[in-house]
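Lettering follows sequence order; numbering is per chain, from 1. Everything quoted here is computed from the prediction, not taken from an experiment.
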Number of protein chains: 2
Amino acid sequence: MARPKPDKSTLLAALAGHVLEHGLNTASLRPMAAAAGTSDRMLIYHFGTKDALIAELLEFLAIQMSAGLEAVLPPVTFESEAELVARVVELMRSEPFQPYIRVWLDIVSGSGQGLAAHRTAGGKIIDVYLEWIAVRHPEGRARAAFVLTLIEGILVMDAVGRSETADAAIKALGK
Amino acid sequence: MARPKPDKSTLLAALAGHVLEHGLNTASLRPMAAAAGTSDRMLIYHFGTKDALIAELLEFLAIQMSAGLEAVLPPVTFESEAELVARVVELMRSEPFQPYIRVWLDIVSGSGQGLAAHRTAGGKIIDVYLEWIAVRHPEGRARAAFVLTLIEGILVMDAVGRSETADAAIKALGK
DNA sequence: CTTTTATTGTAGCGAATGCTACATAATCCC
DNA sequence: GGGATTATGTAGCATTCGCTACAATAAAAG
């Protein structure tokens, strides 16, 4: 009775891997299925609909993008806000984060287009990151929102090839 | 001899209108053609390729998104950085800007996926906005980058339904 | 062992995709 | 006016899309 499939998360992990490499909003059933070692037929069988699949995949991605944050940056409070920002940006710009940032921008774009599942997942991810930053912020929770918002802006700048502007923003924060 | 079509900009304007309403990254030839009162056949005739069309459309959009900025917010320097940010955000959140923001997020997403035309257009748009902010910033050009980056982050927050976080960031800026 | 029930493969449908071949109409040049 | 060039319509092709019908197998239940 509505018992969840035993290895659905295995399936979702494979789908997530494909999406992280090839993009979320342009993903289609047959390539995803191939990446997961199965068929489009079976994806529909398991999820009912592509939209439902994407919705579940977004939940999975939201968790995956939130998990491991503690491991990659231990919960130490920094000496200054500027230093925290610099450290997080350095992290976000590192190689292993790139696929997640691409997917993140897809989520944001989809949210803008009014896709409910995208928006829900996007909001949850922001919530987790906000908390993650708050724990590490010396000036307390109120400023965490500011820091995270700035970092999101930096991601945008980086995406369109204006990292210099992002760097200028970080520098301006210092003084 | 390679004389440019007389009303290609008219065509591009119609295409831009369609894309502003229905999204850039999901646009396909036949609906675009219908919106422009033509056929897919003619779009290919004029632009050669869909990719080329998108590239030209992105240039057009970059200009269109930059033009009119002066009109909508006269080049007055504000009393404080916080006030400037508040005013610009108010502008960006206003109804008529919504379609442009959706397209903007599509451009950012496409840039993240490595689409060169998207990235080029996105960079140009940032450049123009940066200049636009610099002219209005009381504390000079160096801080304009900071302000614009923060605003981009606010757009992201708004997109995923976390305007409260964006507002908190703006407020935090005040003190 | 047999009868359900859950899982999977094969094949394909109808729609949409970007793009092209071919023919026709309009326009320009001389 | 006639030949060449430019513009446009009509059809369609090959591919991919999400999804489904049908049948076969595998597993569970009695």
Please check if A:Val76 and A:Val135 belong to a single hydrophobic cluster, counting links between Ile, Leu, Val, Met, Phe, Trp and Tyr side chain heavy atoms closer than 4.5 Å.
no
What nucleotide, of D:dT8, C:dT8, C:dG9, holds the atom closest to the side chain of B:Tyr45?
D:dT8
What's the CZ-P distance between B:Phe47 and C:dG18, to the nearest Å?
14 Å
If you define the side chain from C-beta out and look only at heavy atoms, does anything of A:Leu12 sit under 4.5 Å from A:Glu59?
no
Starting at atom CG of B:Leu11, determine the distance to atom C1' of D:dA7, rounded to an integer number of angstrom.
13 Å
Round to the nearest Å and state the distance from A:Met42 atom CE to C:dT7 atom P.
8 Å
Between B:Arg136 and B:Glu83, is there a side-chain N and carboxylate O pair less than 4.0 Å apart?
no
Measure NE2/A:His46 against C1'/C:dA6 and give the value in whole Å, please.
11 Å
Give the rounded distance in Å between these two atoms: NE2 of B:His22 and C1' of C:dA16.
16 Å
Which parts of nucleotides 14-24 of chain D does protein reach within less than 4.0 Å, heavy atoms only, written one letter per nucleotide 5' to 3' as B for base, S for sugar-phosphate only and - for none?
---BBBBBB--
How many Å lie between CE on B:Met32 and C1' on C:dG18, as a whole number?
13 Å
Tell me every residue that passes ring pair (Phe, Tyr, Trp, His ring centres under 6.0 Å) with B:His137, counting only those two or more places apart in sequence or in another chain.
none
Check: B:Val156 and B:Arg162 side chains under 4.5 Å, non-hydrogen atoms
no
Taking only residues two or more places apart in sequence, or in another chain, which ones meet A:Arg41 in a salt bridge (charged side-chain N to carboxylate O under 4.0 Å, His left out)?
none
